[in-house]
Engineer: 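Can you keep this structure in mind? I'll have questions shortly.
Note that the structure is predicted; figures quoted are calculated from it, not measured. Scope of the values below: all heavy atoms of this structure, side chains included, with no hydrogens, waters or symmetry mates.
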Amino acid sequence: MATPMTVTPHHPQGSTDRISSAATYVFAVCRADHPGNFASASRGHAAGGPLRLLTVGGVCAVVQDVPAAEFSEAALRDRLADAAELERCARTHHEVVTAAASAGPTVPLPLATLYLDDERAGTALRENQDRFGAVLERITGRAEWAVKVYMTHSETLARSAVPAPPEKPPPNTQPGPQQRSGRAYMNRLRGRQQLRESQREAALAAGERVGSALRELAVGTVQRRPHGPEVTGKDRTQVMNAACLIADDRIEELTTTIRRLRASPEFKGIEIDVCGPWAPYSFTDGGDLAQHR
């Protein structure tokens with residue numbers, strides 16, 4: 001016999017009525033004992049109702065009633081095709097996830113995870129509650145940190161100072177100062193190319209050292225494709241783009257390790273950026289729930 005499902009919507013005081021023709025937008029999944037205090041942190045989508053918790057067994061979903069017409073598949077496709085609207089929706093989603101994570105372990109769900117009603121959202125939550133429970137156990141007391149390593153282009157100004165090649169001398173003449181100067185110019189160009197290659201090799205080695213140190217500290221790491229100059233700018237090249245799941249009681253070790261690496265002579269011309277803590281987006285796959293709409 002199938003286990004009976006109990007779906008318990010938790011509405012903020014004085015907000016028991018749902019929006020007429022509403023859909024259920026799901027931001028994240030937490031433990032059932034999550035306090036659900038969101039008022040001071042985020043109100044969710046402007047067109048929606050108050051944020052609330054939808055509890056199923058030992059887990060709960062952070063949800064919001066939103067107008068079904070504005071959040072239909074067709075309407076969302078049109079809205080999210082606009083860059084400004086996409087950024088606004090993503091920022092709102094992130095703010096709610098961050099607010100939830102500040103009060104307890106939280107599994108972020110993909111942007112625009114929607115259900116026709118609470119019953120369907122609750123069914124998906126029940127079908128996945130064991131998996132969510134295991135993920136919540138894994139991330140408790142831990143947070144995501146972003147670590148990026150860059151090679152700076154300090155040689156740019158020196159490269160611009162290379163003199164222009166001399167004019168081509170007349171034919172049938174003995175090598176003179178101009179030709180010797182031309183060969184010296186080409187040698188300088190080759191030297192600069194070799195310098196850039198050696199600097200990149202050193203930067204990749206530095207990135208590997210950072211990655212090795214992170215693997216010693218982190219519960220898990222995810223390596224992503226480095227960003228290109230359209231994101232990093234022309235003055236530096238990203239050689240490592242990692243996300244790490246690190247226990248809260250090891251953050252001081254992380255800080256000390258990064259400080260030591262930055263001070264190492266091998267890291268001259270290398271930048272290490274560390275950013276966090278974040279909700280563990282890279283270590284909690286909420287895609288399964290998003291597929292049961």
Engineer: Under the 3.5 angstrom rule, does the side chain of Glu144 hit a backbone N or O of Trp278 as a donor-acceptor pair?
Structural biologist: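 No; zero donor-acceptor contacts below 3.5 Å.
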Engineer: Does the side chain of Leu111 reach to within under 4.5 Å of the side chain of Leu86, using non-hydrogen atoms?
Structural biologist: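 The answer is yes; the side chains approach within 4.5 Å.
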Engineer: Is Phe283 close to Arg142 at the side-chain level, that is, under 4.5 Å between some pair of heavy atoms?
Structural biologist: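 Contact flag for Arg142/Phe283 side chains = no.
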Engineer: A side-chain contact here means heavy atoms from C-beta on lying under 4.5 Å apart; do Phe27 and Pro108 qualify?
Structural biologist: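 They are not in contact (no side-chain heavy atoms under 4.5 Å apart), so the answer is no.
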Engineer: Closest heavy-atom contact between Gly57 and Ala32?
Structural biologist: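 Nearest pair, atom of Gly57 first, then Ala32: O-CB, 3.6 Å.
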Engineer: Minimum heavy-atom separation for Thr92 to His45, with atom names?
Structural biologist: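 Taking every non-hydrogen atom into account, CG2-N, 3.6 Å.
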Engineer: Assess the residue pair Asp117 and Thr24 against the criterion (side chain to side chain donor-acceptor pair (under 3.5 Å)); give the C-alpha distance rounded to whole Å, side-chain angles, the decisive distance to 0.1 Å, and a yes or no.
Structural biologist: CA-CA 5 Å; Asp117 51 37; Thr24 301; over 6 Å; no
Engineer: For the residue pair Thr106 and Val97, what are the closest heavy atoms and their distance?
Structural biologist: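 Looking at all heavy atoms of both residues, the closest pair is CG2-O, 4.3 Å.
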Engineer: Quick one: pull up CG in Leu114 and OG in Ser72 and give me the separation to the nearest 0.5 Å.
Structural biologist: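 Rounded to the nearest 0.5 Å, the CG-OG separation comes to 9.5 Å.
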Engineer: Answer yes or no: is there a donor N or O on one side and an acceptor on the other, between the side chain of Glu271 and the main chain of Tyr150, under 3.5 Å?
Structural biologist: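 Here the side-chain-to-backbone pair does not exist.
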Engineer: Would Arg79 and Phe71 count as a cation-pi pair here, with the cationic atom under 6.0 angstrom from the ring centre and within 45° of the axis?
Structural biologist: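 Checked: cation-pi criterion met.
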Engineer: Counting N and O atoms only, with roles assigned by atom type, does the side chain of Thr255 sit under 3.5 Å from a partner on the main chain of Ile251, one being a donor and the other an acceptor?
Structural biologist: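 Checked: pair present.
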Engineer: Once rounded to the nearest 0.5 Å, what's the spacing between atom OG of Ser264 and atom CD1 of Ile272?
Structural biologist: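 Interatomic distance, Ser264 OG to Ile272 CD1, rounded to 0.5 Å: 9.0 Å.
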Engineer: Side-chain donor-acceptor pair under 3.5 Å between Arg138 and Thr284, yes or no?
Structural biologist: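 Note: Arg138 and Thr284 side chains miss the donor-acceptor criterion.
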Engineer: Quick one: are Val62 and Val26 in side-chain contact, heavy atoms under 4.5 Å?
Structural biologist: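 No, their side chains stay 4.5 Å or more apart.
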Engineer: For Arg236 and Asp273, what are the C-alpha separation, side-chain angles and deciding distance, and is it a salt bridge (Lys or Arg N to Asp or Glu O under 4.0 Å)?
Structural biologist: CA-CA 12 Å; Arg236 58 182 187 171; Asp273 287 353; 3.5 Å; yes
Engineer: When you measure from the centre of the six-membered ring of Tyr115, is the NZ or CZ of Arg120 under 6.0 Å away and within 45° of the axis?
Structural biologist: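 Pair Arg120/Tyr115 does not count as cation-pi.
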Engineer: Determine whether more than 12 heavy atoms belonging to other residues, nucleotides or ligands lie under 6.0 Å from atom CD of Glu230.
Structural biologist: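 More than 12 heavy atoms, drawn from other residues, nucleotides or ligands, come within 6.0 Å of this atom.
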Engineer: Which pair of non-hydrogen atoms, one from Ala28 and one from Leu109, has the smallest distance, and what is that distance?
Structural biologist: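 Smallest heavy-atom distance, with atoms named: CA-CG, 4.0 Å.
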Engineer: Could you measure the distance from the CZ atom of Arg250 to the OG1 atom of Thr257? Nearest 0.5 Å is fine.
Structural biologist: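 With rounding to 0.5 Å, CZ (Arg250) is 8.5 Å from OG1 (Thr257).
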Engineer: In a check of side-chain contact (heavy atoms from CB on, under 4.5 Å) between Met240 and each of Arg209, Glu208, Gln223, which one passes?
Structural biologist: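 When Arg209, Glu208, Gln223 are each tested with Met240, the side-chain contact (heavy atoms from CB on, under 4.5 Å) holds only for Gln223.
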Engineer: Same cluster or not: Leu136 versus Val63, using hydrophobic residues (I, L, V, M, F, W, Y) connected whenever any side-chain heavy atoms lie under 4.5 Å apart?
Structural biologist: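 Cluster IDs for Leu136 and Val63 match.
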Engineer: Please report the interatomic distance CD1(Ile246) to CG(Leu254), rounded to the nearest 0.5 Å.
Structural biologist: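 CG of Leu254 is found 4.5 Å from CD1 of Ile246.
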Engineer: What's the spacing between Ser212 OG and Leu261 CG if we round to 0.5 Å?
Structural biologist: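 These two atoms lie 9.5 Å from each other.
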Engineer: Should we say atom CZ of Arg91 is surrounded by more than 12 heavy atoms from elsewhere, each under 6.0 Å from it?
Structural biologist: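 Open.
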Engineer: Identify the two heavy atoms, one from Pro226 and one from Asn241, that lie closest to each other, and give their separation to 0.1 Å.
Structural biologist: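 Reported closest heavy-atom pair: CA-CB, 4.1 Å.
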Engineer: Return yes when atom CD of Glu87 has more than 12 non-hydrogen atoms of other residues, nucleotides or ligands closer than 6.0 Å, and no otherwise.
Structural biologist: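 No - once you tally the heavy atoms of other residues, nucleotides and ligands closer than 6.0 Å, there are 12 at most.
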Engineer: Report yes if the side chains of Ile270 and Thr152 come closer than 4.5 Å at any heavy-atom pair, otherwise no.
Structural biologist: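 SC-SC contact between Ile270 and Thr152 ruled out.
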Engineer: Look up atom CG in Leu80 and atom SG in Cys89, then write down how far apart they are to the nearest 0.5 Å.
Structural biologist: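 These two atoms lie 5.5 Å from each other.
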Engineer: Using a 3.5 Å distance criterion without hydrogens, assess whether the side chain of Thr232 forms a donor-acceptor pair with backbone atoms of Thr237.
Structural biologist: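 No.
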Engineer: Strictly distance-based, threshold 3.5 Å: is any side-chain N or O of Asp82 a donor or acceptor partner for the main-chain N or O of Glu85?
Structural biologist: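 Between the backbone of Glu85 and the side chain of Asp82 there is a qualifying donor-acceptor contact (under 3.5 Å).
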Engineer: If you define the side chain from C-beta out and look only at heavy atoms, does anything of Ser282 sit under 4.5 Å from Leu245?
Structural biologist: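 Side-chain contact under 4.5 Å: no.
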Engineer: Would Arg31 and Glu137 satisfy salt bridge (Lys or Arg N to Asp or Glu O under 4.0 Å), going step by step from the backbone distance to the final call?
Structural biologist: CA-CA 9 Å; Arg31 287 175 172 160; Glu137 182 67 27; 3.2 Å; yes
Engineer: Determine, stepwise, if the pair Asp118 / Arg52 fulfils side-chain contact (heavy atoms from CB on, under 4.5 Å).
Structural biologist: CA-CA 11 Å; Asp118 282 5; Arg52 55 190 179 85; 2.9 Å; yes
Engineer: Do Leu125 and Gln129 have side-chain heavy atoms sitting under 4.5 Å apart?
Structural biologist: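 They are not in side-chain contact.
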Engineer: For the residue pair Cys244 and Thr221, what are the closest heavy atoms and their distance?
Structural biologist: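 In this case the closest contact between Cys244 and Thr221 is SG-CG2, 4.0 Å.
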